There are 2 protein chains.
Amino acid sequence: MTDIKTAANPLFLREEELRQGIEMLFFAYRDFTSEPDRILAEYDFGRAHHRVIYFVGRNPGLAVSELLDVLQITKQSLSRVLGQLVREGIVEQKPGTEDRRRRHLHLTTRGYELERRLTESQAARFARAYRAAGAEAVEGFRTVMQGLINERDRGRFDKRAGERAAVKAATGKPAARGRRD
Amino acid sequence: MTDIKTAANPLFLREEELRQGIEMLFFAYRDFTSEPDRILAEYDFGRAHHRVIYFVGRNPGLAVSELLDVLQITKQSLSRVLGQLVREGIVEQKPGTEDRRRRHLHLTTRGYELERRLTESQAARFARAYRAAGAEAVEGFRTVMQGLINERDRGRFDKRAGERAAVKAATGKPAARGRRD
DNA sequence: GTTTTTATGTCAGTCATGTTGACTTAATTC
DNA sequence: GAATTAAGTCAACATGACTGACATAAAAAC
């Protein structure tokens, strides 16, 4: 009987290879979020708070609408989380000087400290993995990851090493979003 | 005034590089799950159902306890989702012949069809990214991804190209799990 | 200068998916 | 026969999404 699952079968190898990719992403994401989850629990925050803290820390002065665009959630969902963060003194809102409708978000000192803890835990995981894998593997990793990301957000990871604002980088074309309010 | 954020500053580059890693994982996972989410909505299923369907499809005959171990959720959480899948004729349970306490999980024909649709959508994303990046980049990607995954599950992606059962692969050492019922 | 659009926020209700804790049943192991 | 294991159930609760409707203030368009 012919085994269609021998190493000689390129179709099977391809399927297996792709399935391993799918699974690696699942496990990596699961483990990647588990440490921050523990830190956040100390503050009674969840993963949703983390995302806000991260992106506000990364893009000080970010407007609410820009944050919604990055997170791809509704403003009602964001509102609860953001409201808590403001009340807990993690995030501050400053009305814009040019357009006073816009509220620009910043981390407070306390917020910055929490952001450091959270980011350091995830950065340490990347530092370990990058160091073990070597520069060439990291380049390959980046290339594949960008291919996995929708075109819409791929531009965030060009060759810019931090000079450009991280969010602004992608806001050239509006790019069809899901219906949101 | 000295700009500490110049390209000549290796510490900054490192931080930027690591932050980009964090963000790439966030965006990749967000986009990676968005297409299956749409398919699942047709069946009134969610992401939790997807994970069960995927791992049962990947490991036919998987026992409930093994599935719990992979998903790292409580049996109460699994039970609701699994119950729905059984009622909807997606998953079947067969009592073990050796140990009749164990319930081995399989996809039905209908379940297999849904699994194909879901996996194909994610596999297509990987195929595109892999093809665009090239074999060498894929190797680098795999290396870094494995470094990001906790040691506990790293073994799933050794060099085996599918001969071994995917779940069994990691169940050598028990490896401390969170408290579960 | 009135109207329209935009940015933001809010109230109310719902759903999906996770949690803890307590308990049951059946089968296997000691 | 007693203890352990695999699986499942009931109940209560938390988080973080969602939709829909409405409110306010500022800016932009006419």
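Quick caveat: nothing in here was measured; it's all calculated off a predicted structure. Each chain gets a letter, A, B and so on, in the order its sequence line appears, and its residues count up from 1.
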To the nearest angstrom, how far is [X] atom [atom1] from [N] atom [atom2]?
X        : N      : atom1 : atom2 : result
A:Leu85  : C:dT8  : CG    : P     : 16 Å
A:Leu105 : C:dA7  : CG    : C1'   : 12 Å
B:Leu71  : C:dT19 : CG    : P     : 10 Å
B:Ile73  : C:dT20 : CD1   : P     : 12 Å
A:Glu66  : C:dA7  : CD    : P     : 10 Å
A:Leu62  : C:dT8  : CG    : P     : 10 Å
B:Leu82  : C:dG18 : CG    : C1'   : 16 Å
A:Phe45  : D:dA14 : CZ    : P     : 17 Å

Q. Does B:Arg47 get its side chain close enough to the base of C:dG18, under 3.5 Å, for a donor-acceptor pair?
A. no
Q.
Determine whether a donor-acceptor pair (one donor, one acceptor, N or O, separation below 3.5 Å) exists between the side chain of B:Gln76 and the base of D:dG8.
A. no
Nearest to the side chain of [X] - [options]?
X       : options                : answer
A:Ser65 : C:dA7, D:dA7, C:dT19   : C:dA7
B:Thr74 : C:dT20, C:dT17, D:dG16 : C:dT20
A:Lys75 : D:dG16, D:dC22, D:dA7  : D:dC22

**Q.** Spatial distance of atom OG1 (A:Thr97) from atom NE2 (A:His104) [nearest 0.5 Å]
**A.** 6.5 Å
(Q) Any base atoms under 4.0 Å from A:His49, or only sugar-phosphate, or nothing? Heavy atoms, all strands. (A) sugar-phosphate
Would you mind checking if [Y] and [X] are paired as a salt bridge, meaning a charged N to carboxylate O distance below 4.0 Å?
X        : Y        : result
A:Asp31  : B:Arg154 : no
A:Arg103 : A:Glu92  : no
A:Glu15  : A:Arg19  : yes
A:Glu35  : A:Arg125 : yes
A:Arg142 : B:Glu17  : no
A:Arg30  : B:Asp153 : yes

Does [N] have its OP1 or OP2 closer than 4.0 Å to a side-chain nitrogen or oxygen of [X]?
X       : N      : result
A:Arg80 : C:dA12 : no
A:Gln93 : C:dG9  : yes
B:Ser77 : C:dT17 : no

Q: Anything under 30° is parallel, anything over 60° is perpendicular, the rest tilted; go ahead and classify B:His49 against B:Phe45.
A: parallel
(Q) Using five pairs at each end of the helix from C:dG1-D:dC30 to C:dC30-D:dG1 to define an axis, what is the angle between those two axes, to 10°? (A) 20°
Q: Taking atom CD of A:Glu136 as the centre, report whether more than 12 heavy atoms of other residues, nucleotides or ligands fall under 6.0 Å from it.
A: no
**Q.** Neighbour count >12 (heavy atoms, 6.0 Å) for atom CZ, B:Arg131
**A.** no
(Q) Here's a test of your reading of the structure: between B:Ser79 and A:Leu78, which maps to the more 5' nucleotide of DNA chain D? (A) B:Ser79
Q. Using a heavy-atom distance cut-off of less than 4.0 Å, which residues of residues 94-104 of chain B contact DNA chain C?
A. B:Glu98, B:Asp99, B:Arg100, B:Arg101
